[in-house]
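Excluded from the calculations below are hydrogen atoms, water molecules and symmetry mates; all remaining heavy atoms, backbone and side chain alike, are included. First listed ligand is number 1; within each ligand, the first listed atom is number 1.
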Amino acid sequence: MCGIVGFVSEKNCLEEIKGGLEKLEYRGYDSAGVAFFSKGKISTLKKKGRVSSLFPLLQGKTSNCGIGHTRWATHGAPSDINAHPHRCGKFVIVHNGIIENYGELKKELAKKDKYPLSETDSEIIAMLLDNCYKGDVVEAVREVVKKLKGAFAVAVLCEDFVGKIFLFKRENPLIVGRGEGFFCFASDSPALISHTPLLCKMKDGDICEIDKTQAIFYEEKGKIVERVFIPSSLKSDSANKGDFQSFMLKEIYDIPKAIKNTLCKFEKIGLSSLAQKKLRNANHFLFLGCGSAYHACVYGKYLTEKITPLCASAETAGEYRYRRSNLPKNTVVVAVSQSGETADTVTAVKKAKSEGAFVIAITNVPSSTITTFAHESLVTLAEVEIAVAATKSYNTQLVALYWLVSEVALMHKKATYGAVYLGEKLRSAIIKTLDVAEEMHRIAKRYLGISKVFFLGKNFDYATALEGALKMKEISYIQVEGIPSGEIKHGPLALIDENCLVVHIITDYTLLDKCLNVVEEVSARGGETLIITSLNLPDKGVKVVKIPKLDAELMPIVSVIPTQFLAYFMAVEMGLDADKPRNLAKSVTVE
Ligand code: F6R
C-alpha cells in the first residue's frame with residue numbers, strides 16, 4: 001500500500017533511497033518518485049512504472065537529504081502526474097494511506113483558488129501544509145492533521161528548512177532509523193536494516209523532525225517527547241533472495257526453518273497467565289483475517305472443532321467489522337495477519353475488543369499495529385516475506401494456530417502432538433514435500449494455457465483448496481476458484497469442460513470415498529483432475545502427486561506446498577513476475 005523512505009546524511013544518500021525503494025517495492029509498484037534538496041532547492045523526479053524505471057532519471061544526481069515513494073494506486077490511475085512526491089509552494093510530500101475527506105478539503109481550497117494537479121487524495125496534504133504554514137512546519141503539520149480523515153504516514157520537505165525531513169502518521173506504519181552520521185525513515189524496517197539496526201516505531205499522533213544529527217519527536221499537543229531507538233531483530237540479509245530466481249521460490253524453501261524457529265520460540269515463551277486464564281474459560285473461538293490469513297483461520301476453525309470441545313467460526317475481517325456480531329460471552333478472537341497492518345484486520349481487532357472479546361494476534365511482525373491492540377500476540381518467525389504472495393508466512397500461521405489450539409486442547413485434557421513430534425515429523429514431512437518442486441514444474445508446463453481451475457478439498461483440505469486457488473489466481477491471473485469438494489455438484493460442474501483443471505486435495509482417510517465420488521463426477525463430464533494426496537488411492541486414471549502422510553489436522557501445513565509450487569511455476573512459464581503480481585501489493589493498509 002505504497003512505501004515511503006528517506007535519508008538525511010553527512011554524505012550523498014540517493015543510493016540509500018534507491019535501495020530502500022527497491023526493498024519497499026512489495027508495497028506497490030505502479031509508479032515511483034523522489035524529492036531531494038539540491039543547492040537549497042527541492043528537486044522532484046517521478047515516473048510511472050516500477051522503481052527501476054525511475055533510476056535513469058537519478059543518474060549523476062547527488063543530495064544528502066531526500067524522500068522517496070513507491071505507489072500502489074488508490075485514487076487516480078498509475079501515471080507520471082499521479083506519482084508521488086506531490087508539491088505545493090514550499091512543500092513536497094510523500095504519503096502512504098488514504099485521505100478519506102480529500103474531496104471536501106479540495107472544495108475548501110478551491111474557494112481560495114487553489115487546485116490540485118493530480119487526481120490523488122495525497123496532493124491535498126501538500127496543499128494544506130502550504131495553506132497553514134506560517135514559518136513553523138511542526139505547527140502547520142498539527143493544523144493539517146486536525147483536518148485529515150483517514151490513515152496516513154507522511155514525509156515532508158520544506159524549502160525553508162534545507163536538510164530536514166518532517167514525519168507524521170496515523171494508523172499507517174512509519175519507522176525512524178538512527179545511524180552513524182545519518183537519520184532515516186521508512187514504512188517498513190527491511191528498507192533500513194542494511195544501514196542501521198537502531199529503529200524507533202513512530203506512535204500515532206507523533207510528529208518527528210530529522211536532520212543528519214538528531215531526531216526530535218513531538219507528541220500530539222506539540223510538546224517534545226523522548227522516544228527510544230531499539231536494535232531490530234531482523235538480519236540485514238533477510239530481504240535478499242540469494243541464489244534463488246525469485247523471492248517467492250526462496251520463501252517456499254524457507255518454510256522448514258520458519259516452522260522450526262516459530263515452534264521453538266512458542267515453546268520457550270509460552271502464553272501469559274492472563275491468556276491462559278481467558279483460554280481456560282473460553283467457549284468460542286472466532287478466527288479473523290484477510291486473504292491467505294483468512295484461509296489460515298478456516299484451518300483454525302476445523303482444528304478447534306476437532307481437538308477441543310469449543311465451538312469455532314472463521315470470518316474475513318472485512319465482513320466481521322461491518323456486521324452486528326452478538327459475540328457469545330467468553331469469546332476469544334484470534335486475529336491472523338502476516339503484516340500486522342492490514343486495515344480490515346486492525347479494525348476488526350478494535351471492534352472485537354470493544355465487544356468484550358479477549359484478542360490474540362498471530363502476526364509475523366513484532367510491534368506491528370495489531371500487536372499494539374491485541375491483548376496477547378504470538379509472533380511467528382517466518383522472517384521478512386518479500387514476495388507479494390504469502391507462502392512461508394502462511395505455513396507458520398498454521399503452525400501458530402496448531403500450537404495455540406493445542407494449548408487449549410491440553411487445558412481440556414485432550415491429546416495433542418507435542419513440540420518434539422512437530423519438530424521432527426512435521427519438519428521432515430515438509431522437507432520431503434519440497435522435493436515435489438520439479439514434478440509441479442512439469443505439471444505447470446503441461447497445463448499451460450488452461451483457462452479455468454478449481455481447487456477442491458473437504459474439511460481441513462478445504463483450507464488448502466482456498467489457499468491454493470488464491471495463490472494461483474493472484475500470480476498467474478487464471479480464473480481459479482477454491483471450493484469444498486461436495487459443492488462442485490451444486491453449480492460449478494456446469495463449468496467443467498476440456499479447458500478446465502480440477503486440483504483435488506485429499507489427505508483425510510475418513511473422507512476419501514466422498515472425494516473419490518467427486519473425482520468420478522468430474523471425469524464423467526470430461527474434466528481433468530490432478531490429485532494431491534498423502535493417501536494410497538485406487539487407480540482412477542488421473543494424475544496423482546504424492547506427499548508424505550501425517551494426521552489430517554497437520555496435513556494443511558504440508559499439502560499447501562505443492563499448490564504454492566504449482567502457482568509459482570505456472571506464473572514463471574507464463575512469463576510473469578511471480579514476486580510482483582499486477583494490481584496487488586503486500587500489506588493492505590487501506591480499506
Ligand atoms: C495472498 C496474500 C494476501 C494477504 C492478505 C492479508 O498471498 O498475501 O491475501 O494474505 O492481504 O495480509 P496480512 O496477512 O498481512 O494481514
Which of the ligand 1 atoms, numbered from 1, are nearer than 4.0 Å to a heavy atom of [X]:
{"X": "E474", "result": "1 (C), 7 (O)"}
{"X": "Q338", "result": "13 (P), 14 (O), 15 (O), 16 (O)"}
{"X": "A293", "result": "10 (O), 14 (O)"}
{"X": "L470", "result": "1 (C), 9 (O)"}
{"X": "A389", "result": "7 (O)"}
{"X": "K471", "result": "1 (C), 7 (O)"}
{"X": "S339", "result": "13 (P), 15 (O), 16 (O)"}

Quick one: pull up [atom1] in [X] and [atom2] in [Y] and give me the separation to the nearest 0.5 Å.
{"X": "I4", "Y": "H95", "atom1": "CD1", "atom2": "NE2", "result": "8.5 Å"}
{"X": "E22", "Y": "Y29", "atom1": "CD", "atom2": "OH", "result": "15.0 Å"}
{"X": "Q338", "Y": "I370", "atom1": "CD", "atom2": "CD1", "result": "10.5 Å"}
{"X": "S122", "Y": "H69", "atom1": "OG", "atom2": "NE2", "result": "6.0 Å"}

Lys/Arg cation over aromatic F569: K445, 6.0 Å, 45° cone: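 No.
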Within-cut-off N or O pair, S337 and ligand 1, under 3.5 Å: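 S337 vs ligand 1: N/O contact under 3.5 Å present.
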Any N or O of V388 closer than 3.5 Å to N or O of ligand 1: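 The answer is yes, given that V388 and ligand 1 share an N or O pair closer than 3.5 Å.
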Nearest protein heavy atom to [atom], by residue and atom, and its distance?
{"atom": "atom 13 (P) of ligand 1", "value": "T342 OG1, 3.2 Å"}
{"atom": "atom 11 (O) of ligand 1", "value": "V588 CG2, 4.0 Å"}
{"atom": "atom 2 (C) of ligand 1", "value": "S292 OG, 3.7 Å"}
{"atom": "atom 6 (C) of ligand 1", "value": "C290 O, 3.2 Å"}

Side-chain polar contacts of residues 559-566 - donor-acceptor pairs under 3.5 angstrom, sequence neighbours left out - could you list them?
| unit_1 | atom_1 | unit_2 | atom_2 | d |
| --- | --- | --- | --- | --- |
| S559 | OG | T464 | OG1 | 3.4 |
| S559 | OG | M555 | O | 3.1 |
| T563 | OG1 | V560 | O | 2.6 |
| Q564 | NE2 | N395 | OD1 | 3.1 |

Heavy-atom side-chain contact between V480 and V503 under 4.5 Å: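 V480 vs V503: side chains apart.
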Ring centres under 6.0 angstrom apart (H295, Y394):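 Between H295 and Y394, the centre distance exceeds or equals 6.0 Å.
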With H284 via side-chain contact (heavy atoms from CB on, under 4.5 Å) - residues at least two apart: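 H284: side-chain contact (heavy atoms from CB on, under 4.5 Å) contacts with L286, C311, S313, P328, T331.
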